[in-house]
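Working notes, structure below.
In what follows, chains are A, B, ... by sequence order, proteins preceding strands, each numbered from 1.
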Amino acid sequence: MEARGLVKQYGRITAVDHVDVTVNAGDVYGFLGPNGAGKTTTLRMMLGLIYPTGGSVRVFGRDPITEGAAALEGVAGFVEAPRFYPYLSARKNLEMMASYDGNGARDRVEAVLDTVEMTARADDKVGGYSHGMRQRLGIAGALLRDPKLLILDEPATGLDPGGMRDMRALIRRLADDGMTVLLSSHLLAEVEELCDRVAIVRAGRIVYEGAISDLKATAETAYRVRTNDNTRALEICAAQAGVSAVRADGLEIRMEANEPAMAELSVALVHANLKIHALVPETATLEDLFFHLTEGSTPGEISAPVIDQLAAGGAA
Amino acid sequence: MRPGVWTVYRWELRKLISLKRTYLGLAAAAGVPLSFAITLALKKGQPNDVPFGAYVHQSGLAIPLVLLTFASAFLLPLITALVAGDIVAAEDQNGTLKTILTRSVQRGHVFFGKVLAALTYTIVSLVLLGGVSIVAGSLVSGFNPLRSLSGTTVSATSALWLVLASFAVYLVPLGTICLVGVMYSTVTRNSAAAVVGTLVTVLLIELVGILPGLGFLQPYLLTRQFPAWQGLLRQPIDWSPITHSIWVCALYGVPAVIAGYLVFLRRDVAGG
Ligand SMILES: Nc1ncnc2c1ncn2[C@@H]1O[C@H](COP(=O)(O)OP(=O)(O)O)[C@@H](O)[C@H]1O
Ligand SMILES: [Mg+2]
């Protein structure tokens, strides 16, 4: 799945502003951003529900905007809370969706009810369902299509802690079975737990795209170091490339650096025959970075490399 | 088999069967002729100012024809609009458009499946109104020969065929109102607005018909096509109002369908 330069304007509001996203086969891809960042709007364009003001989408090489439903072969998912006909039972709702899918989906109804553990309540009208049951039914509806790419928009939002855990376990299970997943979320922890790649979106723009591990590595974070000879350590730290804002702070030395620079620094300290008592990153780095990226005044002020290494081969 | 118009049509019918709103209209379509027949059985009077009104006590077959005139003012357009105005807008209000438009059916197929379902409902309500009024009318006033509008007497059996044909001719303007209703349903995305919009349109067209100085428009007004069936009840049969009705109704129906289709195809599904 590939989105290039996607733009969506609602009147004078630019909900999505030149978004590029590449999801490769096998990815569990996180689409992370605070509320109102434009996640849902982007996913709607990928599903052919709304027409972009500019840019293009390719899903398995086809264009959902010009080809409509025909381009959604192998793709399933929902945006915001999934909706059903409240006056029909869950099973009837699924049977209807399956009819609209064709492709043998009717034979999968019982299996997907089982997957989301809804068989017992399948004959009750959806009107009486809780939010959590509807979310699960939404996943069931998506699985009917036997998708290769599953698009989920904040599927765990609004669930109680148990429901959230179950939902994440379900997504993890589907991903482990080889499904490609595009998961939008405003929760960093969720994306960190489930995804290997991430696009961070803020005010309609991508401020970071790449592997979560790379994101962590490039984060400039505060570190505290304590050695057996802080006076000498201070000189070495100050001289070390990639380390900045070095100052003594009581028994410790504080500085800012990213992970690779810190690794180099620890080697330098050891070479100088210093004993490292402690080397501690100051904060939960990703959380900080996320806030910095999504709430800072200028998007992209952190020079996060936009990693496009996979764009060349096997784009889903 | 790839899902298409037929798939959507079948599920739209199933949904209509599960909806209360459906039975409201059908109950009216059956209840009005029933109570009319019962009233006639109990009272001597008759509606003299409508075609066939004077014969309601002589032949039961006059009763469905009188009802056609009565029902065209408000009842049948209302029953039709109630479902046609809801059929797309309800999906907007439920947020279910995104549910069906992310499957493998094309938008155009969804639209035409809905159009067919709304038309089917219109036909069913008209059949119900006709069937009940023929049976109840014949029970009350007898399955008797009918006096045609040309003054000749038509045997009961021929009259029955003419009554059935009249309902078929009546379906042309009523079906057109259905198409207008679906168009409003698509454009307004709001069920109540679409129902009211359809009825207001019918009333406005009727109003244009009675405004002084606009009399030349009368033959081209949608509501003036309702009495076209009366051509069948002349001897020999006068086909001209019927063919006229068909092309005038097409002037309303075809643009309504095209407009609804294009809007449905091009629109953003941003709600729900
Ligand atoms: N149908 C719409 N009409 C007008 N503005 C909209 C519409 N949908 C979304 N927006 C605006 O676009 C922005 C992005 O919204 P959305 O994509 O829902 O964000 P997210 O899913 O990341 O919370 C918001 O400012 C929202 O107000
Ligand atoms: Mg959202």
In terms of heavy-atom proximity below 4.5 Å to chain A, should B/Arg266 be classed as side chain, backbone, both, or neither?
both

Any side-chain heavy-atom pair from B/Trp11 and A/Glu95 closer than 4.5 angstrom?
yes

Is it true that a side-chain atom of A/Arg44 and a backbone atom of B/Ala270 form a donor plus acceptor pair closer than 3.5 Å?
yes

Beyond-backbone contact of B/Arg103 with A/Leu144, side-chain heavy atoms, under 4.5 angstrom
yes

d(B/Leu101 CG, A/Ile50 CD1) to nearest 0.5 Å is 13.0 Å

Most heavy-atom pairs under 4.5 Å with chain B, out of A/Gly141, A/Gly68, A/Ala142, belong to A/Gly141

Are side-chain heavy atoms of B/Ile100 and A/Met97 found at a separation under 4.5 Å?
no

Contact between B/Asn94 and A/Pro86 at the side-chain level, heavy atoms closer than 4.5 Å - yes or no?
yes

Quick check for you: among B/Glu91, B/Arg14, B/Lys20, which has the greatest number of heavy-atom pairs under 4.5 Å with chain A?
B/Glu91

Nearest heavy-atom neighbours spanning A/Glu73 and B/Arg2
OE1-NH1, 4.0 Å

Does A/Glu80 reach the side chain of B/Lys98, with side-chain heavy atoms less than 4.5 Å apart?
yes

Checking A/Pro64 against chain B: side chain, backbone, both or neither under 4.5 Å from a heavy atom?
neither

Min side-chain heavy-atom separation B/Lys15-A/Tyr87 under 4.5 Å:
yes

Quick one, B/Ser104 and A/Leu72 - any side-chain contact, counting heavy atoms below 4.5 Å?
no

So which of B/Val105, B/Val110, B/Leu265 has the largest heavy-atom pair count under 4.5 angstrom toward chain A?
B/Val105

Under 4.5 Å to a heavy atom of chain B? For A/Ala81 that would be backbone

So what's closer than 4.5 Å to chain B heavy atoms on A/Phe78: side chain, backbone, both or neither?
neither

Side chains of A/Tyr100 and B/Thr102 in contact at under 4.5 Å (non-hydrogen atoms)
no

Would one find more than 12 heavy atoms of other residues, nucleotides or ligands at under 6.0 Å from atom NE2 of A/His131?
yes

Between B/Thr96 (side chain) and A/Tyr85 (backbone), is there a donor-acceptor pair under 3.5 Å?
no

Check A/Lys8 with B/Asp268, please: is the shortest side-chain N to carboxylate O separation under 4.0 Å?
yes

